[in-house]
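Protein chains get the first letters and strands the later ones, always in sequence-line order, with residue 1 at the start of each.
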Amino acid sequence: MRYWLMKSEPSDCSIDDLAAMPNQTVAWYGVRNYQARNFMRDMMKVGDLAFFYHSSCPRPGIAGIVCVASPPYPDATQFDEKSRFFDPKSSQEEPRWHNVDVRLVEKTPFVDLATLKEQETLAGMRVLQKANRLSITPVDAEEWRTITTRLMAPKKQP
DNA sequence: GCCAACGTTGGC
DNA sequence: GCCAACGTTGGC
């Protein structure tokens, strides 16, 4: 199984929004980047775990853990003319974009971006690289362990 | 709101 | 197939 980090703008879907969803599950629609799509379409397996990351917000960082809850399937919004994710170049016969469903595993103590950057062992994380814009990135087992065991231990909030 | 970095597009 | 222009991302 693999580990991932998936970005979401909390104004769009926050960890609390996810917690309020039926089955605490949401379709990860709207990805329009081929690399990120390929991760979902070709690499993700049901049961993979991912950090749920809040981006483009006052306090970016990891807000929880989710799991991959479905195989990949065509992203419905690419066919919807009213959606901001509508893609006129896609077709039902040959859908261009795919997504998986994601289910909340747990809301964790918040690990903000500044804290992630402080960890020497995390210096190689994709999401910490300069100008990284990929909304889905692989996380290796060592990085996962560092974050979950060292940074997510309950502690007082700053 | 700024800006750097990057992906995509489209003319040639 | 190159590459300039453009749009988007995302931290600050």
Classify the ring geometry of A:His54 against A:Phe110: parallel below 30°, tilted from 30° to 60°, perpendicular beyond 60°.
tilted
For the pair A:Asp75 and A:Arg37, find out whether any cationic side-chain nitrogen is under 4.0 Å from an anionic carboxylate oxygen.
no
Check your understanding: Relative to each other, are the rings of A:Trp4 and A:Phe39 parallel, tilted or perpendicular (30° and 60° limits)?
Key -> tilted
Given the rule that I, L, V, M, F, W and Y join up when any side-chain heavy atoms are under 4.5 Å apart, are A:Tyr29 and A:Phe86 in one cluster?
-> no
- Task: Respond yes when some side-chain nitrogen or oxygen of A:Lys130 is under 4.0 Å from OP1 or OP2 of B:dA4, and no when none is.
- Result: no
| query | How about A:Asn23: does its CG atom have over 12 heavy atoms from other parts shown lying under 6.0 Å from it? | reply | no
Judged by nearest nucleotide, the residue sitting upstream toward the 5' end of DNA chain B, A:Lys89 or A:Gln35, is A:Gln35
Its contact letters, B for base, S for sugar-phosphate only and - for none at protein heavy atoms under 4.0 Å, make nucleotides 6-12 of chain C read -BBBBSS
